[in-house]
Amino acid sequence: MTSMRLYINIDHVATLRQARRTDEPDPLQAAALCEAAGADGITVHLREDRRHIQDQDVERLAPAVRILNLELATSAEIVDLACGLRPYQATIVPERREEVTTEGGLDLSRPNPRLRETIRRLEECGARVSLFINPEFAALDAAKDLGVPAVELHTGRYAHTWRQNDAALDELRRAAGHAADMGLFVHAGHGLTYLNVTPVARIPEIEELNIGHSVMSRAIMVGMRSAVQEMLHLVKPPRR
Ligand code: PXP
């Protein structure tokens, strides 16, 4: 069994900030709190539409956090930026503008020169490259052929179906085993929550989980009482 790493995706700190285009909450401060709590790494997705994380966020995070996992699509402009910042890890994801979140793994069924070039450039700048793929043998074999060291298995199907049956969990187990047999490092993520994460975290070949939405949601709830009390203290100072 490999030891597990937990990387926290803090995109939604920026989602909240962008709702007002102001300067709070600050992803850099959130990253520091995640690290102080024991997170092994910080993950952000710099999307082409910049709906949450901005270039400036990545520029500030890259030198400040211990381990940065930058998620990015194969857009030349973002690859240029990534290469300038040299994140520890670069996870290549598919991107569609209309999607709410990354809704499937990379399509590796056809030759993709742009993907090959992106991998080459990111490796050249020193990043550990991981490909976000569906937990399917064909995609894993194609990832192996592309020469990357790691893959991240998309756990979305599991997240949608774990209450009904174990089919998606079994699929993840088989995929993780196949990936490890080929010498790939195995990461996983998407839609994992406090309720469904444990069986995935117990798959022995998976060594890294990337979790965002559920942790950000929980952070709001566990922080609400203090946040309200601090504001009350300001607006209703204790009378002497
Ligand atoms: N891994 C990848 C590649 C992702 O794109 C995302 C979503 O940004 C996650 C993990 C985290 O998913 P969630 O926010 O549902 O935990």
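As the structure is a prediction and not an experimental result, all values here were calculated from the model.
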*Asks:* Is it the case that more than 12 heavy atoms not belonging to Q164 sit under 6.0 Å from its CD atom?
*Replies:*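 More than 12 heavy atoms, drawn from other residues, nucleotides or ligands, come within 6.0 Å of this atom.
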*Asks:* Treating Ile, Leu, Val, Met, Phe, Trp and Tyr as nodes and any side-chain heavy-atom pair under 4.5 angstrom as an edge, say whether V148 and M182 lie in one connected cluster.
*Replies:*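 Both belong to a single hydrophobic cluster.
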*Asks:* How far apart are the C-alpha atoms of E207 and R5, what are their side-chain angles, what is the distance that settles it, and do they pass the salt bridge (charged side-chain N to carboxylate O under 4.0 Å, His left out) test?
*Replies:* CA-CA 6 Å; E207 59 174 53; R5 302 187 297 272; 3.0 Å; yes
*Asks:* Centre of F185's six-membered ring, under 6.0 Å away, within 45 degrees of the axis: is that where NZ or CZ of R128 sits?
*Replies:*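 Verdict for F185: a cation-pi partner in R128.
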*Asks:* Using a distance-only test with no angle check, is there a side-chain donor-acceptor pair under 3.5 angstrom linking E95 and H45?
*Replies:*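 A pair is found: one side chain offers a donor N or O, the other an acceptor, under 3.5 Å apart.
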*Asks:* Hey, are H178 and D141 close enough side-chain-wise for a donor-acceptor pair under 3.5 Å?
*Replies:*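 Yes - a donor-acceptor pair under 3.5 Å links their side chains.
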*Asks:* Any donor and acceptor pair, going by atom type alone, linking the side chain of D40 with main-chain N or O of Y7 inside 3.5 Å?
*Replies:*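 No: the side chain of D40 does not pair with the backbone of Y7.
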*Asks:* So, R47 side chain and H52 main chain: donor-acceptor pair closer than 3.5 Å or not?
*Replies:*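 Not a single qualifying donor-acceptor pair exists.
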*Asks:* Quick check for you: to the nearest 0.5 Å, what is the distance between E77 atom CD and L72 atom CG?
*Replies:*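 If I round to the nearest 0.5 Å, the distance is 10.5 Å.
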*Asks:* With a 3.5 Å distance limit and no angle check, can you tell me whether H160 reaches the backbone of G156 through a side-chain donor-acceptor pair?
*Replies:*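 Yes, because the side chain of H160 sits within donor-acceptor range (under 3.5 Å) of the backbone of G156.
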*Asks:* Using a distance-only test with no angle check, is there a side-chain donor-acceptor pair under 3.5 angstrom linking T43 and N9?
*Replies:*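 Per modelled atom types, T43 and N9 side chains form no pair under 3.5 Å.
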*Asks:* From H190 NE2 over to Y158 OH, what is the distance, rounded to the nearest 0.5 angstrom?
*Replies:*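 One finds 15.0 Å between NE2 of H190 and OH of Y158.
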*Asks:* Quick check for you: to the nearest 0.5 Å, what is the distance between M216 atom CE and I8 atom CD1?
*Replies:*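 The distance works out to 6.0 Å.
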*Asks:* Does N134 use its side chain to pair, donor to acceptor, with the backbone of E136 at less than 3.5 Å?
*Replies:*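 Checking the backbone N and O of E136 against the side chain of N134, no donor-acceptor pair under 3.5 Å is found.
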*Asks:* Using a 6.0 Å cut-off, check whether atom CZ of R120 has over 12 heavy atoms from anything other than its own residue.
*Replies:*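 Yes, enclosed.
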*Asks:* List the atom of A168, the atom of T161, and the distance in Å for their closest heavy-atom pair.
*Replies:*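 Shortest heavy-atom contact: CB-OG1, 3.5 Å.
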*Asks:* Is the side chain of D170 donor-acceptor paired with the backbone N or O of A167 at a distance under 3.5 Å, no angle test?
*Replies:*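 No; zero donor-acceptor contacts below 3.5 Å.
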*Asks:* Once rounded to the nearest 0.5 Å, what's the spacing between atom CD of E117 and atom CD of E124?
*Replies:*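 Going from CD on E117 over to CD on E124, the span is 8.5 Å.
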*Asks:* Could you check if a side-chain atom of L46 sits within less than 4.5 angstrom of a side-chain atom of E71, using non-hydrogen atoms only?
*Replies:*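 No, too far: nothing below the 4.5 Å cut-off.
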*Asks:* Would you say CZ of R86 has more than 12 non-hydrogen atoms from neighbouring residues, nucleotides or ligands within 6.0 angstrom?
*Replies:*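 Not more than 12 within 6.0 Å, no.
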*Asks:* Would a hydrophobic clustering, with Ile, Leu, Val, Met, Phe, Trp and Tyr connected at side-chain separations under 4.5 Å, put I67 with I42?
*Replies:*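 No, separate clusters.
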*Asks:* To check you understand the geometry: which heavy-atom pair defines the closest contact between E152 and S130, and what is its length?
*Replies:*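 Distance-wise, the nearest heavy atoms are N-OG, 3.4 Å.
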*Asks:* Which of parallel (below 30°), tilted (30 to 60°) and perpendicular (above 60°) describes H154 and F132?
*Replies:*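 Plane angle under 30°, so parallel.
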*Asks:* Can a donor-acceptor pair be found, under 3.5 Å and without considering hydrogens, that links the side chain of N69 to the backbone of P87?
*Replies:*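 Looks like no, no N/O pair under 3.5 Å.
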*Asks:* Taking V65 as the starting point, is it possible to reach L81 by hopping between hydrophobic residues whose side chains are less than 4.5 Å apart?
*Replies:*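 Yes; tracing contacts between hydrophobic side chains, which count when under 4.5 Å, links both residues.
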*Asks:* Taking the side chain as every heavy atom from C-beta outward, state whether L140 and L153 have any pair of such atoms under 4.5 Å apart.
*Replies:*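 In contact.
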*Asks:* If you define the side chain from C-beta out and look only at heavy atoms, does anything of C34 sit under 4.5 Å from I10?
*Replies:*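 Yes, their side chains come closer than 4.5 Å.
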*Asks:* Do D166 side-chain atoms and L169 backbone N/O form a donor-acceptor pair below 3.5 Å?
*Replies:*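 Side chain of D166 to backbone of L169: no pair is present.
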*Asks:* Decide yes or no for I206 and M4: does some side-chain heavy atom of the first lie under 4.5 Å from some side-chain heavy atom of the second?
*Replies:*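 A side-chain contact exists here, since the closest heavy-atom pair is under 4.5 Å.
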*Asks:* Taking the side chain as C-beta and beyond, is there a heavy-atom pair between I92 and L106 under 4.5 Å?
*Replies:*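 When only atoms from C-beta onward are counted, L106 and I92 do touch, with a gap below 4.5 Å.
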*Asks:* Under the side-chain contact (heavy atoms from CB on, under 4.5 Å) criterion, do L192 and N196 qualify, and how do the steps go?
*Replies:* CA-CA 6 Å; L192 296 176; N196 68 22; 3.7 Å; yes
*Asks:* In sequence, state the C-alpha distance, the side-chain angles, and the governing distance for R121 and D80, and then conclude on salt bridge (charged side-chain N to carboxylate O under 4.0 Å, His left out).
*Replies:* CA-CA 9 Å; R121 290 200 56 208; D80 285 347; 2.8 Å; yes
*Asks:* Are T118 and L122 side-chain neighbours, meaning at least one heavy-atom pair lies under 4.5 Å?
*Replies:*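 T118 vs L122: side chains touch.
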*Asks:* If only atom types and distance count, is the side chain of E35 paired as donor or acceptor with the main-chain N or O of R66 below 3.5 Å?
*Replies:*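 Yes; judged by distance alone, with no hydrogens or angles, the pair exists.
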*Asks:* Is there side-chain contact between W162 and P199, with heavy atoms separated by less than 4.5 Å?
*Replies:*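 Sidechains of P199 and W162: no contact.
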*Asks:* Does L6 share a hydrophobic cluster with V215, counting links as ILVMFWY side-chain heavy atoms below 4.5 Å and allowing steps through other members?
*Replies:*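 Yes; tracing contacts between hydrophobic side chains, which count when under 4.5 Å, links both residues.
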*Asks:* With a 4.5 Å cut-off on side-chain heavy atoms, are L184 and K144 touching?
*Replies:*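 Yes, side chains in contact.
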*Asks:* Take atom CD of Q29 as the centre, draw a 6.0 Å sphere, and report whether it contains more than 12 heavy atoms from other residues, nucleotides or ligands.
*Replies:*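 At most 12 heavy atoms, drawn from other residues, nucleotides or ligands, come within 6.0 Å of this atom.
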*Asks:* Which atom pair, heavy atoms only, marks the closest approach of L172 to V200?
*Replies:*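 Shortest heavy-atom separation between L172 and V200 comes out as CD1-CG2, 4.2 Å.
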*Asks:* Do S75 side-chain atoms and I78 backbone N/O form a donor-acceptor pair below 3.5 Å?
*Replies:*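 Present.
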*Asks:* So which heavy atom on A30 is nearest to which on V13, and how close?
*Replies:*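 Closest pair (atom of A30, atom of V13, distance): CB-CG2, 3.7 Å.
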*Asks:* Are there over 12 heavy-atom neighbours, none belonging to R50, within less than 6.0 Å of that residue's CZ?
*Replies:*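 For R50, atom CZ is crowded (more than 12 foreign heavy atoms under 6.0 Å).
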*Asks:* Return the minimal non-hydrogen interatomic distance between P149 and E123, and the atom names on each side.
*Replies:*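 In this case the closest contact between P149 and E123 is CD-OE2, 3.7 Å.
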*Asks:* Any chance the side chains of E208 and N210 put a donor and an acceptor closer than 3.5 Å?
*Replies:*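 Distance-only check passes for E208 and N210.
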*Asks:* Going through the distances and angles, do L146 and R116 end up as a side-chain contact (heavy atoms from CB on, under 4.5 Å)?
*Replies:* CA-CA 7 Å; L146 285 163; R116 269 188 193 278; 3.7 Å; yes
*Asks:* May I have the step-by-step check of salt bridge (charged side-chain N to carboxylate O under 4.0 Å, His left out) for R17 and D57, ending in yes or no?
*Replies:* CA-CA 12 Å; R17 181 196 57 199; D57 294 322; 2.6 Å; yes
*Asks:* At their closest point, which heavy atom of I133 faces which heavy atom of A143, and how far apart are they?
*Replies:*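 Looks like CD1-CB, 4.4 Å.
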*Asks:* Applying a strict under-4.5 Å side-chain criterion to I, L, V, M, F, W and Y, I'd like to know whether Y194 and M221 cluster together.
*Replies:*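 Y194 does not cluster with M221.
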*Asks:* So, taking the atom named OG1 in T155 and the one named CD1 in I203, what distance separates them when rounded to the nearest 0.5 Å?
*Replies:*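 Between atom OG1 of T155 and atom CD1 of I203 there are 9.5 Å.
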*Asks:* How long is the gap from NZ on K236 to CE on M231, to the nearest 0.5 Å?
*Replies:*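 The NZ atom of K236 sits 13.0 Å away from the CE atom of M231.
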